[in-house]
2 protein chains.
Amino acid sequence: MRRDIFQAIADPTRRAIMTIIALQAMTPNAIADHFNCTRQSISKHLRILTECKLVKPEQQGREIYYSLEIEKIKEIDKWLNPFRKIWETRFNQLDNVLSTIKKQKK
Amino acid sequence: MRRDIFQAIADPTRRAIMTIIALQAMTPNAIADHFNCTRQSISKHLRILTECKLVKPEQQGREIYYSLEIEKIKEIDKWLNPFRKIWETRFNQLDNVLSTIKKQKK
DNA sequence: TATATATGCAACTATTCGGTTTCACAAATT
DNA sequence: AATTTGTGAAACCGAATAGTTGCATATATA
């Protein structure tokens with residue numbers, strides 16, 4: 001059972017759940033209303049998201065409110081960093097090329 | 001056959017391949033040297049990465065050099081944007097709290 | 001207390017996934 | 001021309017995945 005954030009966000013339904021509860025915490029039933037699959041299926045997705053800490057359950061009476069653990073999402077951003085550096089460098093290089101052309105025009 | 005970037009980066013081997021060829025384009029054989037699985041397995045991963053445009057093949061004689069398509073990776077960054085807004089907002093709110101405390105100390 | 005509601009868990013199923021082995025083909029080398 | 005080298009594709013396999021149905025449990029409500 002691999003269970004890391006990358007595998008978690010691979011599923012489109014789970015990404016959708018993340019988007020929905022980003023705005024406000026919600027119960028599994030309320031979440032399931034947004035999809036045309038069973039509540040149990042959503043429950044399973046929530047378990048996976050909870051296991052890798054992308055989501056946090058909070059019991060309130062017999063209801064459980066799930067909310068986004070925004071800190072965990074930063075890990076994806078962190079993974080992007082080296083690649084971001086590459087595209088920023090390329091952008092700067094393009095910038096240099098453009099300013100060189102500008103100078104030549106002068 | 002689902003085939004989007006999120007499913008592509010879900011696999012750790014594929015993420016490793018991306019990191020390796022980020023520095024310089026490489027042939028499948030050269031890439032496979034970094035892993036203890038068969039070249040064919042790497043070839044399969046490269047097919048998936050190519051299909052969703054995260055990687056670009058360039059034939060050179062009988063060799064094929066694979067390089068990173070950095071532009072495509074930006075799509076993940078783009079997906080992160082709404083979440084980034086959330087954590088930036090929270091950071092600002094924390095910042096406000098801190099400056100309020102500071103003022104009170106004065 | 002009896003019933004309805006909210007939820008998670010287990011068992012099952014079809015499909016997908018990552019890997020291997022085997023093969024085919026084209027380019028380089030002898 | 002024969003052989004070696006670099007590569008992709010197909011067939012197969014075991015494990016994982018996403019979904020379902022059915023059940024158990026706990027909290028609210030009548």
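Below, read A as the first sequence line, B as the second, and so on, with proteins coming before strands; counting in each chain starts at 1.
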Measure [atom1]/[X] against [atom2]/[N] and give the value in whole Å, please.
X       : N      : atom1 : atom2 : answer
B:Glu58 : D:dT7  : CD    : C1'   : 16 Å
B:Asp11 : D:dA16 : CG    : C1'   : 12 Å
A:Arg3  : C:dC17 : CZ    : P     : 16 Å
B:Asp33 : D:dT7  : CG    : P     : 10 Å
B:Ile48 : D:dA9  : CD1   : P     : 12 Å
B:Arg47 : D:dG6  : CZ    : C1'   : 18 Å
B:Glu51 : C:dC17 : CD    : C1'   : 14 Å

Item to complete: Any chance you could measure A:Trp79, atom CH2, to B:Thr19, atom OG1, to the nearest 0.5 Å?
Response: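 Output value for this atom pair is 7.0 Å.
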Discussion item. Between B:Asp77 and B:Arg84, is there a side-chain heavy-atom distance shorter than 4.5 Å?
Written reply: yes
Worksheet item: On DNA chain D, nearest-nucleotide positions of B:Pro57 versus A:Thr13: which is more 5'?
Response: B:Pro57
Practice prompt. Hey, which sits more toward the 5' end of DNA chain D by its nearest nucleotide, B:Asn29 or A:Asn36?
Written response: B:Asn29
Can [X] and [Y] be counted as an ion pair, charged N to O under 4.0 angstrom?
X       : Y       : result
B:Glu88 : B:Lys85 : no
A:Lys72 : A:Glu69 : no
A:Glu71 : A:Lys74 : yes

Side-chain ([X]) to main-chain ([Y]) donor-acceptor, under 3.5 angstrom:
X       : Y       : result
B:Gln40 : B:Ile42 : no
A:Gln60 : A:Arg62 : no
B:Arg14 : B:Ala8  : yes
A:Arg39 : A:Asn29 : no
B:Thr50 : B:Leu46 : yes
B:Arg3  : B:Ile48 : no

Practice prompt. For DNA chain D, determine which residues of residues 39-46 of chain B have any heavy atom closer than 4.0 angstrom to one of its atoms, and list them numerically.
Written response: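 Contacting residues: B:Arg39, B:Gln40, B:Ser43.
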Item to complete: Pull out every residue in residues 60-69 of chain A that has a heavy atom closer than 4.0 Å to any atom of DNA chain C, ordered by number, or say none.
Response: A:Arg62, A:Glu63, A:Ile64, A:Tyr66
Discussion item. If the cut-off is 4.0 Å, is A:Gln7 near the phosphate of C:dC17, judged by side-chain N/O to OP1 or OP2?
Written reply: no
Worksheet entry | Axis-to-axis angle between the two ends of the helix from C:dT1-D:dA30 to C:dT30-D:dA1 (five base pairs per end, rounded to 10 degrees) |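 Angle reported: 10°, given to the nearest ten degrees.
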